[in-house]
Amino acid sequence: DFAEPPMPEKKEMKALDQSGISALLAAAEGSRLYIPILLAVTTGMRRGEILALRWQDIDGDRLTVRRAVEQTKGGISFKLPKTDKSMRTIALPAFVARAVRRHKAEQAQEKLLIGPKYRDEDLIVCTPIGTVCSPGALTVAFRRLARDAKIGCRFHDLRHSHATHLLSLGIHPKIVSERLGHSRVGFTLDVYSHVLEGMQEEAAAKIDAALGQNVKG
């Protein structure tokens, strides 16, 4: 009863604006980081979910999160997503769906060039020989790219950027929560309350536009 439980460490959350996201994607274009970065900023998927995504998980302009990659001392393995709500279907923007299709064609060419040494594990994001990418290696490569591009963010901040962007556009928090795979919408509201606070003036302006001419002040 008298013990003080440890408090979880809260890391500073950063969100890139549209110009920052565009600059980051431009820096990654033509590299193996482009697709994982694009998926992170347009779907809000976690790093492990992106690395575990298979071609069978994509159907046209929708993808389904069914598993995640986990890196332990014993190596890299696949596991179920973080929570039941993490197993979700996410609609892709049209330009992202096109980019993923181009990536599939490029990957097929890469597979032909490598030949028998290619290990086809049906992964969308993979090593040059088709095997699963190490989460740690992705983080290191992203950190180097962001540093060279002079963009201060972590890979996980791309997920925050997606959520912040949607909320600032007025997308309903429940939809944002579903895309992120949060266990409950209340958690999403708590984490991104600072974004919603900034929308108070916008809400007041919309009420004024809708009712101001018809109601006497």
Side-chain angles (χ1 to χ4, degrees), residues 10-29 34-50 53 57-66 68 81-101 142 146 149 151-217:
K10 287 188 176 181
K11 294 184 179 180
E12 183 182 357
M13 183 173 62
K14 296 180 180 179
L16 297 177
D17 58 17
Q18 291 184 42
S19 62
I21 291 172
S22 297
L24 186 62
L25 287 170
E29 192 168 1
Y34 184 78
I35 288 297
I37 290 174
L38 182 66
L39 289 173
V41 297
T42 59
T43 68
M45 292 172 67
R46 301 175 178 91
R47 179 187 63 175
E49 295 170 343
I50 292 172
L53 196 63
D57 297 324
I58 289 193
D59 182 12
D61 60 354
R62 301 176 74 85
L63 65 80
T64 302
V65 178
R66 294 188 174 96
K82 194 172 182 180
T83 66
D84 289 342
K85 289 294 181 67
S86 294
M87 299 183 69
R88 62 202 187 276
T89 297
I90 303 172
L92 295 173
F95 78 96
V96 177
R98 290 194 297 270
V100 169
R101 287 195 294 270
F142 177 81
I151 299 172
C153 72
R154 305 164 300 158
F155 190 85
H156 194 68
D157 290 326
L158 304 182
R159 174 173 162 86
H160 296 315
S161 300
H162 178 62
T164 301
H165 189 206
L166 291 183
L167 290 169
S168 64
L169 289 175
I171 304 300
H172 196 287
K174 186 176 186 303
I175 301 301
V176 178
S177 182
E178 288 175 354
R179 289 182 73 85
L180 296 179
H182 284 164
S183 57
R184 54 189 180 84
V185 68
F187 179 79
T188 308
L189 292 171
D190 288 342
V191 172
Y192 297 101
S193 58
H194 63 289
V195 182
L196 299 176
E197 287 173 3
M199 296 170 65
Q200 287 282 359
E201 289 75 15
E202 182 182 354
K206 287 184 176 180
I207 294 171
D208 186 58
L211 301 175
Q213 295 180 351
N214 301 318
V215 179
K216 291 183 179 180

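For the single chain, residues carry numbers from 1 onward in sequence order. As the structure is a prediction and not an experimental result, all values here were calculated from the model.
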task = Find the distance between OG1 (Thr188) and CD (Glu178) and round it off to the nearest 0.5 Å.
result = 9.5 Å
request  = State which residue, out of Thr164, Leu158, Asp157, fulfils the side chain to side chain contact (heavy atoms under 4.5 Å, CB included) condition with Lys14.
outcome  = Asp157
message = Against Leu63, only a single residue in Thr89, Val100, Leu53, Val96 fulfils side chain to side chain contact (heavy atoms under 4.5 Å, CB included); can you say which?
response = Leu53
query = Does the side chain of Arg46 reach to within under 4.5 Å of the side chain of Arg159, using non-hydrogen atoms?
reply = yes
query = So among Leu16, Thr42, Leu38, which one has a side chain to side chain contact (heavy atoms under 4.5 Å, CB included) with Ile21?
reply = Leu16
ask   = Should Thr83 and Ser86 be marked as a side-chain hydrogen bond (donor to acceptor under 3.5 Å, both in side chains) after you check the CA-CA gap, both sets of side-chain angles, and the distance that decides it?
value = CA-CA 5 Å; Thr83 66; Ser86 294; 3.1 Å; yes
Smallest separation among heavy atoms of Ala97 and Gly60, with atom names = CB-O, 4.4 Å
ask   = Taking atom CZ of Arg154 and atom NE2 of His160, what is their separation to the nearest 0.5 Å?
value = 5.5 Å
request  = Using salt bridge (charged side-chain N to carboxylate O under 4.0 Å, His left out) as the criterion, list what pairs up with Arg179, not counting sequence neighbours.
outcome  = none
query = In Å and rounded to the nearest 0.5 Å, what is the CG to OG distance from Leu167 to Ser177?
reply = 10.0 Å
request  = Can you label the angle between the Phe142 ring and the Phe155 ring as parallel, tilted or perpendicular, going by 30° and 60°?
outcome  = perpendicular
message = Measuring only between side-chain heavy atoms, which start at C-beta, is Tyr192 closer than 4.5 Å to Leu180?
response = yes
ask   = Any salt bridge between Arg66 and Asp57, counting N to O under 4.0 Å?
value = yes
query = What distance do His162 atom NE2 and Leu39 atom CG have between them, rounded to the nearest 0.5 Å?
reply = 11.0 Å
remark   = Nearest heavy-atom contact between Ile35 and Ala99 is CD1-O, 4.0 Å
Over all atoms of both residues, closest heavy-atom pair of Ser161 and Ala15 = OG-CA, 3.4 Å
note = Residue set satisfying side chain to side chain donor-acceptor pair (under 3.5 Å) with Lys85, at least two apart, ordered chain then number -> none
key: Any side-chain heavy-atom pair of His182 and Arg88 under 4.5 Å   = no
inquiry  = Are there over 12 heavy-atom neighbours, none belonging to Asp190, within less than 6.0 Å of that residue's CG?
reply    = yes
